[in-house]
Amino acid sequence: VVYEQEGVFIHSSCGKNDDQDSLIAGILRVIEKENEVVVDWRPLDETLDTSNILCAGKDSSSVVEWTQTPKEKCSRGADRPSSYEAEWDMVTTVSFKKKPHSNGDATTHANGESKWSFLFSLTDLKSIKQNKEGMGWSYLVFCLKDDVKLPALHFHHGDSKPLIKCLEKHVALNESPHDERVLLVKTQKSLSQSFENLFDEPSYGLLQKWKKDPYIVTMGKFSKVTNYIVGSLRPSDPSNQRRPPSEMADFLNDTIPGLKINQQEEPGFEVITRIDLGKQPEVSRREPVSAEEWAKNMDSDGRILDVDYIKRLIFKGGLCHTLRKEAWKFLLGYFPWNSSKEERANLQKRKTDEYFRMKLQWKSVSEEQEKRNSRLRDYRSLIEKDVNRTDRTNKFYEGEDNPGLILLHDILMTYCMYDFDLGYVQGMSDLLSPVLYVMENEVDAFWCFVSYMDQMHQNFEEQMQGMKTQLIQLSHLLRLLDSGFCSYLESQDSGYLYFCFRWLLIRFKREFSFQDILRLWEVMWTELPCQNFHLLLCCAILESEKQQIMDKHYGFNEILKHINELSMKIDVEYILCKAEAISMQMMNCKELPQTVSEILGIETSSVTPDSDTGEDESGAELSCPTSLYQSISTPVIAANGTRDGAQQMAETQSLTPA
């Protein structure tokens with residue numbers, strides 16, 4: 001939210017009377033989305049929906065009572081909070097269409113929104129009409145490109161100048177020669193101004209900024225690539241377009257110490273042995289695990305009967321939304337898989353007390369103390385900044401003084417007390433947001449987040465060890481999968497796969513819609529079908545885009561632009577199928593390189609010559625979790641009507657479970 005003003009009214013009965021009922025009070029906001037800027041006005045009673053967020057009744061170390069917020073206590077279905085897909089559909093709406101109404105009152109429609117609410121992208125703005133100075137309170141009328149005029153907005157508290165100043169950062173406004181009250185939108189500036197400025201320099205300059213702070217550049221700048229950067233990265237002279245591989249290698253090694261990814265000086269000659277992985281098998285997915293299936297796999301004490309079986313079901317289909325609040329606690333390691341219902345209740349009670357003791361630590365720090373604690377001040381400042389821009393288009397987090405935002409802030413501050421050495425690093429709010437959305441409970445969300453951060457900790461450490469390791473591992477996997485594509489990327493200074501940095505840093509959080517990321521994460525948390533499955537997801541996305549990148553001869557900046565524009569456009573089910581197929585390809589390979597085996601956790605073990613195990617010529621056998629494809633009661637049918645390749649593989653080979 002880059003601009004916000006309360007006390008902006010619509011006069012629904014202008015010219016008739018000054019009666020209070022004709023004035024509709026609202027809040028006007030200008031919101032920066034991933035790739036555009038949106039103007040949003042809505043009545044005050046619409047700006048907050050907190051009907052089902054659980055908040056702490058007491059803020060102390062004692063037992064905490066959970067209560068619903070005072071607003072109407074109504075049950076919320078799984079899909080009630082708006083998904084990213086719906087919100088992006090709203091953002092890209094071409095124009096505002098006024099809904100039919102019978103009178104001038106701001107009546108509320110069945111969907112909960114007033115007919116007077118509106119939202120439009122600045123790309124659709126044609127002009128702004130203002131009233132003359134000294135003519136009562138300030139007002140504005142927005143006119144869109146299809147000549148639709150929105151209701152006049154009257155600024156009862158303050159004037160409209162700050163709004164105009166804010167809009168001028170994103171669009172060029174010129175006074176109309178025919179009417180001094182009208183501001184016309186001229187040639188639009190880039191909606192991601194900061195990124196356009198960044199690209200005024202050669203690509204080496206971009207990498208210099210990335211070297212200085214890869215988190216800020218990746219999270220703040222790469223996310224806003226637009227059409228305005230085409231051709232701006234490279235100089236016009238083709239002879240200057242290529243930097244020596246040695247120079248790039250030295251530079252990237254300085255950026256992330258220890259990053260050593262092979263760069264072929266001559267793309268036509270590869271010092272590797274090509275390995276035939278065979279054809280990718282057909283893979284399909286099943287329906288999400290239902291509440292009935294979950295309950296059937298639990299005994300009378302609340303213990304999971306067959307953990308491996310339930311994990312396989314989740315991997316193949318995910319979870320229905322109503323199960324997530326319970327199942328995610330197991331998947332993330334907050335609840336032990338073999339625990340009873342009573343044991344889990346006792347655990348939650350202990351963890352509740354522990355959480356509030358830590359929360360009380362930062363809550364009780366006085367202003368004077370904080371003045372002498374620069375690290376705590378820095379953590380608080382960064383958290384407040386990030387919380388105010390994390391998933392604000394999601395209904396769970398929209399509006400000011402939203403309990404969801406307050407809990408997001410409090411959990412992140414408490415995490416600083418839990419792990420003060422790491423504290424807070426940009427991107428962590430992205431990992432917490434879906435967890436809190438699902439849990440709707442401060443304590444449960446915190447401990448699930450702690451478990452998730454145990455997995456992700458190295459991504460955020462100062463030395464970036466986790467990021468370094470993953471980029472190297474991804475390079476190994478991609479080279480095995482398609483060495484030709486790797487060579488092409490290297491020829492375009494893109495072999496370091498730096499454009500995957502954000503994917504790895506926050507596990508695709510900004511690449512998929514909010515609802516899709518819930519599905520993707522729960523599948524990854526099963527740790528099936530192999531370790532580092534998220535790297536195979538990267539491979540699946542890159543392989544899907546390979547044809548376009550190579551056929552159109554994309555260069556450095558075009559590759560960067562293309563990959564970033566995939567955000568919110570990737571089909572999660574297709575990518576999950578493709579990544580699973582790649583995993584099966586590699587597990588079935590008899591000549592899998594040792595490095596790749598170690599990355600995927602596929603062990604090789606010697607077998608006796610007479611054992612019927614599908615051994616290779618060297619007598620080595622691949623040991624992989626093929627139990628994933630067995631014991632699933634629901635048959636998985638491929639698109640062509642046959643059993644999928646996974647089941648065929650399980651039937652034709654006898655492989656030792658990892």
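Worth saying up front: this structure is predicted, and the values here are computed from it rather than measured. Start at 1 with the first residue, then count along the sequence.
Classified by interplanar angle (parallel below 30°, tilted 30° to 60°, perpendicular above 60°), the ring pair Tyr452/Trp525 is perpendicular.
With no hydrogens or angles considered, no side-chain donor-acceptor pair links Gln470 and Asn532 at under 3.5 Å. Side-chain polar atoms of His321 and Gln515 form no donor-acceptor pair below 3.5 angstrom. Gln280 and Glu543 share a side-chain donor-acceptor pair at under 3.5 Å. For the residue pair Tyr496 / Glu490, no side-chain donor-acceptor distance below 3.5 Å is found, with atom types taken as modelled.
Side-chain contact between Ser429 and Leu412 is present, with at least one heavy-atom pair separated by less than 4.5 Å. Counting only heavy atoms from C-beta outward, the side chains of Asp308 and Trp337 never approach each other to under 4.5 Å. In this structure, Leu319 and Trp328 have side chains that are in contact, with non-hydrogen atoms separated by less than 4.5 Å. Between Ile549 and Phe485, some side-chain heavy-atom pair lies under the 4.5 Å cut-off.
Within the 3.5 Å criterion, the main-chain N or O of Leu505 finds a donor-acceptor partner in the side chain of Asn459. Side-chain atoms of Gln458 do not come within 3.5 Å of backbone N or O of Met467 as any donor-acceptor pair. With hydrogens and angles disregarded, no donor-acceptor distance shorter than 3.5 Å links the side chain of Ser433 to the backbone of Leu431. Judged purely by atom type and a 3.5 angstrom limit, Tyr379 uses its side chain to pair as donor or acceptor with the backbone of Phe420. The main-chain N or O of Asp306 is found under 3.5 Å from a side-chain atom of Asn297 such that the two form a donor-acceptor pair. A donor-acceptor pair under 3.5 Å links the side-chain atoms of Arg285 to the main chain of Phe315, judged by distance alone. Distance alone, capped at 3.5 Å, places no donor-acceptor pair between the Thr469 side chain and the Gly466 backbone. With Ser451 contributing its side chain and Trp447 its backbone, the two residues share a donor-acceptor pair below 3.5 Å.
Aromatic pair Tyr415/Tyr418: centroids less than 6.0 angstrom apart. For an aromatic pair to be called close, the ring centres must be under 6.0 Å apart, and Phe460 with Tyr424 fails this. Under the 6.0 Å cut-off for aromatic ring centres, Phe330 and Phe335 qualify, their centroids lying closer than that.
Exactly one residue among Val438, Leu331, Val435 makes a side chain to side chain contact (heavy atoms under 4.5 Å, CB included) with Arg324. That residue is Val438.
Between Glu511 and Lys569 there is no salt bridge, since none of the side-chain N atoms of the basic residue sits less than 4.0 Å from a carboxylate O of the acidic one. Glu573 and Arg519 are joined by a salt bridge, as a carboxylate oxygen and a charged side-chain nitrogen come within less than 4.0 angstrom of each other. With salt bridges taken as basic N to acidic carboxylate O contacts below 4.0 Å, one links Glu293 and Arg286.
Nearest heavy atom pair, residue Ala579 against residue Ala540, reads N-CB, 3.8 Å. Taking every heavy atom of both residues into account, Gln492 and Gly555 meet most closely at OE1-CA, 3.4 Å. Nearest heavy atoms, Phe499 versus Ser494: CE2-O, 3.7 Å. Across all their heavy atoms, Ile275 and Cys589 have their closest contact at CG2-SG, 3.6 Å. For the residue pair Asp386 and Thr390, the shortest heavy atom distance occurs at O-OG1, 2.6 Å. Smallest separation of non-hydrogen atoms from Ser583 and Pro529: OG-CG, 3.3 Å.
Atoms CE and CD, from Met439 and Glu326 in turn, are 10.0 Å apart once rounded to the nearest 0.5 Å. Put simply, NZ on Lys351 and CG on Asp444 are 11.5 Å apart, with the number rounded to the nearest 0.5 Å. Separating the CG atom in Leu478 from the CG atom in Leu489 is a distance of 6.5 Å, to the nearest 0.5 Å.
Remark: Glu527 CD is loosely packed, at most 12 non-hydrogen atoms of other residues, nucleotides or ligands lying under 6.0 Å away.
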